[in-house]
Amino acid sequence: MTHKTSNAVDPFAHLHDENYDAPYVHPRCKARDMVTMAGRQTVSLNGDWRFTLDLFDEGLRQKWFAQPPMPVNQWRVPRDYDESDAQTLSVPSVWSLAKPEWTYFEGGGWYSRSIHHEEHDQRVFLRIGAANYEARIFLNGHFLASHQGGSTPFFVELTPHLQAGDNRLQINVDNRRRPERVPMHHFDWFNDGGIYRDIELVLLPRTFIKDFSLSLVPDGTLSTLHCTVTLSDHDNGTAVLVIPELSLTQDITIAGGQGKVEFSVPLRLWSPEDPHLYECRISFGSDTVTDRIGFREIRREGTTLLLNGKPLYLRGVCVHEDDVRLGKVSTIEDVTRRYQDAKRLGCNALRLAHYPHHEHAAKLADEMGLMLWEEVPVYWAIQFDNEATYQDAHNQLEEMMTRDRNRASVIIWGVGNENADTDARYSFMRRLADHAKSFDPTRLVGAACLINREQFRIEDRLADHLDIIGLNEYFGWYEEGFEGLRQLLANSKPDRPVLISEVGADALAGHHGPDSELFTEERQAWVFENQIEAIRNIDWICGFFPWLLYDFRSPRRQTSIQNGINRKGLIAEDKRTQKLAFEVIAGFYRQIGNEA
Ligand code: GCB
């Protein structure tokens, strides 16, 4: 079919353009565009936005953003998008839970609202806490930038594009699962869509402190502090670090926008028993950032983990960012409940699976004295031979590390989970692990590693690039009995600490029966009893992370017992109903707590 028109613009051209999204990729927001949020002045854009689902990407194809909003009675040609009668969706939220018919929607969504701007001389940045998976920002009809990665924050400067008065801000979010993404299209949790963390404007002076780090150098002295400062511009001058409780005022020479300093000072160290935080302030010119920071040293010596020089056993539990009512939205109340339940279990550590959680997870862990393993979703069969996939994973890792680099609670950066052993995987993950280590020498780098299933031993080329070896093992559940586990433990001679990074079994809360019957609470408890028996006296195992605290939504789980839920929680998805296994773990943690 051909369409003839006398207009200069062919209204049908987009029907034949399969390269329609190419103009909306670059610039792409990256870790290097991030701005420290420590004590920043912000204007929240949370609340109601106009929202339209877009399964076929018509918004990009037809350039909905370029169509000035106007009532239908003024249109000269028909349109497929009318902002004024769009639905309302609250941000943060996931569209998957907004309406039953949207539950499994995977495609595009358009958010739109107006922002009012009055002339002032501050710089204005848009910050989005997370949007799953790809986002594209449009202001006043112009594309500004895109971002990839569903769990990390990104920043776009609006200053040059804002006009006095009302401005039209549109955000296109795409949650399609794709083989080249991180995670790829196959994973064991729910693929929520939308802007599900806070969205805000950040107001900053012309030259501002873009990033800083302040941490204890892991040199064994427990008193050397290292501070770095990066400015938004290549200015020279002096930044000043003040820690009132230490009566400390320290100059930092800034040359070409960068500065660093190292000095020694007696410290009250951060630990789970005493999660002490210092009020810290850094100023340069008219800008000041403030944060509450703890100082601790985490390192390994042979197969031992040391926190502040003392041997450490991680009494852990894994947790997803999931809620049957809110999806991936994590409120402070929800994170607080997670941590209270973990503490009731006797934990001193959590593995935040399998992607970066909300930033208040680490802030709260700092305050409450819990240690964290944070990770990026390099999960299962990522396209390890795809350089673009590597760059995406690398950027997500760097965004996570940049965001949480001043959180004492975070002791491990995780670079992957259960990835099959190929040369491409080895080179991909080695790059990530080496990068994490050079970016941040104050933390441990880990991954859930591989087992040789013929010889029953831990065997993974990646281990040489890690500080800790994570071991996901499901003996007693996916693998029958515990003989394989006993052999594995007897045959393995790791030269560095091993954490059982996942272990568990499904149980439907309230479903009882003999421990030989799958999905009963008794079976789950029996699996943990046997697991604990097998691993408890192995001296190179430095931590235990049951999979996991709460049951969570996973559309892969389709039996009537599962009903779309992975039931390996120690607590059901209502986050209240405790299963028998909870007490088994709590008993183990009480014992090792007493032995310590
Ligand atoms: C695993 C994965 C985790 C799954 C879990 C399971 O090994 O790392 O994401 O949810 O097993 O329940 O099968």
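As the structure lists them, so they are numbered: ligands from 1, and atoms in each ligand from 1. This is a predicted model, so every value here is computed, not measured.
Every salt bridge (charged side-chain N to carboxylate O under 4.0 Å, His left out) that Arg127 has, sequence neighbours left out, goes to Glu200, Glu359. Every residue two or more places apart in sequence or in another chain was checked for a salt bridge (charged side-chain N to carboxylate O under 4.0 Å, His left out) with Arg576, and none qualifies. Residues forming a side chain to side chain donor-acceptor pair (under 3.5 Å) with Arg178 (at least two apart in sequence, or on another chain): none.
Remark: aromatic rings of Tyr426 and Phe384 are distant, center separation not under 6.0 Å. For an aromatic pair to be called close, the ring centres must be under 6.0 Å apart, and His320 with His357 fails this.
Protein neighbours of ligand 1 below 4.0 Å, counting non-hydrogen atoms: Asp188, His354, Tyr379, Asn417, Glu418, Asn472, Tyr474, Tyr478, Glu502, Trp547, Phe552, Arg557, Asn566, Lys568.
Considering all non-hydrogen atoms of both residues, Phe155 and Asp33 come closest at CB-O, 3.5 Å.
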